[in-house]
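Report on one structure; see the data block that follows.
Note on naming: letters A, B, ... go to the chains in the order of the sequence lines (proteins, then strands), and numbering restarts at 1 for each one.
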Amino acid sequence: MSWWVLHVDMDQFIAAVEIRRRPELRGLPVVVGGSGDPTLPRQVVATASYEARAFGIRSGMPVRAAYKKCPDAVFLPSDPAAYDAASAEVMDTLRTFPVVVEVWGWDECFVGAETDDPETLAAEFRAAVVERTGLTCCVGIGDNKTRAKLATNFAKLSNTSGDGNGIYRLTAANWREVMDHRPVRDLWGIGARMEHNLNELGLTTVADLAAADVDTLKKRFGPNMGTWYAALGRGLGDTQLTDVPREPVSRSHEETFPSDLVERPDVERELRRIALEVTREVVAEGRTVQRVSVKVRFINFYTPIKSRKLKSSTQDPELVATTALSILEKFTLNRPIRLLGVRVEFVPSPLI
DNA sequence: TCTGGGGTCCTCCTTCGG
DNA sequence: TCTGCCGAAGGAGGACCC
């Protein structure tokens with residue numbers, strides 16, 4: 001028996017949950033995001049069903065732009081509580097197998113398993129999830145997390161093109177054949193900015209990155225990240241999984257206002273409200289705040305963030321709100337404001 | 001097109017005290 | 001008393017992910 005890492009990723013999760021509770025939407029273009037009113041500005045698409053994607057609608061697109069592309073689509077507001085519950089159903093289903101389930105968000109998780117036949121296990125996962133929840137997923141199989149996560153992309157491609165079974169295996173054995181010619185952007189953890197930086201070093205493909213001089217990468221991106229990128233090019237990654245949920249380190253609330261805030265008393269009132277809200281929330285969960293950050297987004301999208309560590313940690317919402325207002329003094333408020341946000345960082349829980 | 005919200009982690013710079 | 005070095009901590013900013 002060998003140790004395998006499987007990555008389970010739900011298909012169009014949020015849209016699928018909405019369609020599950022409203023079956024009449026099946027086959028229709030469904031767009032979830034914002035308030036559900038596609039004529040309002042300053043909202044973006046959280047998820048689009050495959051039918052909506054056929055119209056060119058994508059996650060992150062302004063809802064109004066989606067509405068222009070497909071006015072007949074069904075537009076729904078986001079319902080995080082429903083996605084939480086559906087996600088728990090999926091994870092509980094996977095936990096019925098003798099495996100380690102490491103949750104990575106609503107719609108995905110890594111699963112560690114001892115098996116000689118990971119494909120059969122992956123097929124059993126897919127069957128169990130659809131049977132117990134009515135939701136479908138794809139499974140990437142790898143010899144570490146990096147490869148399992150990337151394998152899921154190929155599983156999705158084969159699944160949507162109809163010539164696969166929603167399962168794909170990517171290991172050291174086929175890494176170079178599958179990945180060598182692909183752009184570095186295809187790697188998990190390389191975004192647009194890092195792709196640009198790597199391209200500047202003449203590294204455009206995964207093979208280039210794999211062959212790159214580690215010291216050059218360390219000099220350019222720092223010791224940790226340089227080492228990490230070199231490993232990424234060769235498909236190396238974590239093989240250890242844990243089913244212990246990670247302790248959150250912070251909580252934030254931010255709000256884009258329907259119309260810009262111009263008057264200082266309005267800015268202060270809204271900032272205070274957000275600070276009180278987020279603090280009450282975390283205190284209700286037994287957390288203690290040790291640091292407060294304030295985010296301000298001006299109409300030109302310039303978004304500075306400033307923070308302050310509290311003299312002593314607190315559970316007092318008023319103190320956090322007062323601190324947020326004092327941090328506001330550090331900003332030059334010379335333009336209308338479209339967004340305010342407050343983040344509170346927690347005192348780490350003592351290790352048991 | 002006009003660009004949400006909620007997270008985590010890393011690096012770099014500055015400050016401060018020994 | 002002044003200077004330099006060093007590490008820790010604070011703070012800003014950036015990048016990435018879903």
Side-chain angles (χ1 to χ4, degrees), chain A residues 7 9-10 12-15 31-36 38 40-47 56-70 77-80 83-84 87 103-109 145-146 149-150 152-153 184-185 187-198 217-229 232 245-258 260 274 277-278 281-282 290-311 327 330-331 338-346 348:
Chain A
H7 179 253
D9 194 295
M10 304 305 294
Q12 49 165 8
F13 178 66
I14 291 174
V31 179
V32 183
S35 66
L40 295 178
R42 298 185 174 182
Q43 308 184 88
V44 298
V45 174
T47 301
I57 298 173
R58 298 280 178 273
S59 302
M61 171 184 281
V63 171
R64 283 211 294 195
Y67 182 59
K68 277 187 191 153
K69 284 183 181 287
C70 183
S78 187
D79 180 358
Y83 315 140
D84 270 337
S87 178
V103 178
W104 274 60
W106 275 336
D107 69 336
E108 62 176 313
C109 64
K145 284 182 184 169
T146 301
K149 169 82 180 171
L150 286 171
T152 309
N153 296 337
V184 287
R185 183 71 165 90
L187 293 167
W188 181 38
I190 306 286
R193 185 72 216 179
M194 268 312 299
E195 178 184 38
H196 178 79
N197 291 341
L198 291 169
L217 294 173
K218 283 159 82 170
K219 198 180 283 181
R220 177 79 164 77
F221 304 114
N224 291 342
M225 299 310 284
T227 308
W228 166 246
Y229 291 132
L232 203 53
R246 279 174 43 165
E247 191 74 15
V249 301
S250 70
R251 175 81 55 86
S252 66
H253 276 197
E254 56 188 65
E255 200 169 315
T256 297
F257 301 101
D260 299 325
I274 295 169
E277 268 174 20
V278 70
E281 220 176 271
V282 303
Q290 65 172 357
R291 184 180 186 83
V292 182
S293 302
V294 172
K295 180 193 256 193
V296 177
R297 177 167 289 156
F298 296 98
I299 44 165
N300 60 353
F301 241 66
Y302 171 54
T303 314
I305 299 169
K306 300 196 185 291
S307 62
R308 179 168 292 161
K309 189 176 165 97
L310 297 170
K311 284 195 178 71
I327 295 169
K330 299 193 201 182
F331 292 85
R338 57 178 287 141
L339 170 147
L340 286 174
V342 175
R343 171 180 301 275
V344 291
E345 289 173 38
F346 309 138

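- For the pair A:Leu217/A:Leu198, a side-chain contact is recorded, criterion being any heavy-atom separation below 4.5 Å from C-beta on.
- Between B:dC10, B:dG6, B:dT8, one nucleotide has an atom nearer to the side chain of A:Met225 than all others, and that is B:dC10.
- Put simply, A:Arg58 has no side-chain N or O that comes within less than 4.0 Å of OP1 or OP2 on B:dT1.
- Both A:Phe221 and A:Ala46 lie near DNA chain B, and the one whose nearest nucleotide falls closer to the 5' end is A:Ala46.
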Protein within reach of the bases, or only the backbone? For nucleotides 12-18 of chain C, mark each nucleotide 5' to 3' as B, S or -, using heavy atoms under 4.0 Å. SS-SSSS
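- In this model, the phosphate group of B:dG5 is approached by a side-chain N or O of A:Thr256 to a distance below 4.0 Å at OP1 or OP2.
- OP1 or OP2 of B:dT1 has not a single side-chain nitrogen or oxygen of A:Lys68 nearer than 4.0 Å.
- Remark: C1' of B:dG4 and CD1 of A:Ile14 are 12 Å apart, rounded to the nearest angstrom.
- Note: A:Trp106 and A:Phe13 have tilted aromatic rings, judged against thresholds of 30 and 60 degrees for the angle between ring planes.
- Closest non-hydrogen pair, A:Val45 versus A:Arg58, comes out as CB-O, 3.6 Å.
- Here the side chain of A:Ser252 pairs no donor or acceptor atom with the backbone of A:Val342 at under 3.5 angstrom.
- Rounded to whole Å, the C1' atom of C:dT3 lies 15 Å from the corresponding atom of B:dG17.
- OP1 or OP2 of B:dG7 sits under 4.0 Å from a side-chain N or O of A:Arg251.
- For the pair A:Lys309 NZ and C:dG10 C1', the computed distance is 8 Å after rounding to whole Å.
- Along DNA chain B, the nucleotide nearest to A:Arg246 and the one nearest to A:Ala65 differ in position, and the one closer to the 5' end is contacted by A:Ala65.
- When the side-chain nitrogen and oxygen atoms of A:Asn224 are compared with OP1 and OP2 of B:dT11, one or more of them lie within a distance under 4.0 Å.
- Nucleotide B:dT1 is shown with a syn base, its glycosidic torsion being within 90° of 0.
- Using bins of under 30°, 30° to 60° and over 60° for the plane-to-plane angle, the ring pair A:Trp104/A:Trp188 lands in the tilted bin.
- Taking the C1' atom of each, C:dC17 and B:dC2 are spaced 23 Å apart, rounded to whole Å.
- When heavy atoms are screened at a 4.0 angstrom cut-off, A:Arg338 is found touching base atoms of the nucleic acid.
- Contact detail for A:Glu195 and A:Ile190: the closest heavy-atom pair is N-CG2, 3.8 Å.
- Heavy atoms of A:Phe301 sit under 4.0 angstrom from at least one base atom.
- Here B:dT11 presents its C1' atom at 17 Å from CH2 of A:Trp228, a figure rounded to the nearest Å.
- Contact annotation for A:Val249: backbone-only contact, meaning every heavy-atom pair under 4.0 Å involves sugar-phosphate atoms and none involves a base.
- A donor-acceptor pair shorter than 3.5 Å cannot be found between the side chains of A:Thr256 and A:Arg297.
- The interatomic distance linking A:Arg343 (CZ) with C:dG11 (C1') rounds to 14 Å, in whole Å.
- Within the 4.0 Å cut-off from OP1 or OP2 of B:dG7, not a single side-chain nitrogen or oxygen of A:Ser250 is found.
- When rounded to the nearest whole Å, the span between CZ of A:Arg42 and C1' of B:dT3 equals 10 Å.
- We find that CD of A:Gln290 is positioned 11 Å from P of C:dG11, with the value rounded to whole Å.
- Just one of A:Gln290, A:Arg291, A:Arg251 meets the side-chain contact (heavy atoms from CB on, under 4.5 Å) condition when paired with A:Phe346; it is A:Arg251.
- Here B:dC10 presents its C1' atom at 20 Å from NZ of A:Lys219, a figure rounded to the nearest Å.
- Minimum heavy-atom separation, A:Asp260 to A:Ile299: OD2-CG2, 2.9 Å.
- Taking 4.0 angstrom as the limit, A:Arg297 places a side-chain polar atom (N or O) nearer than this to OP1 or OP2 of B:dG4.
- Computed from coordinates, the A:Asp79 CG to B:dG5 C1' distance equals 15 Å when rounded to whole Å.
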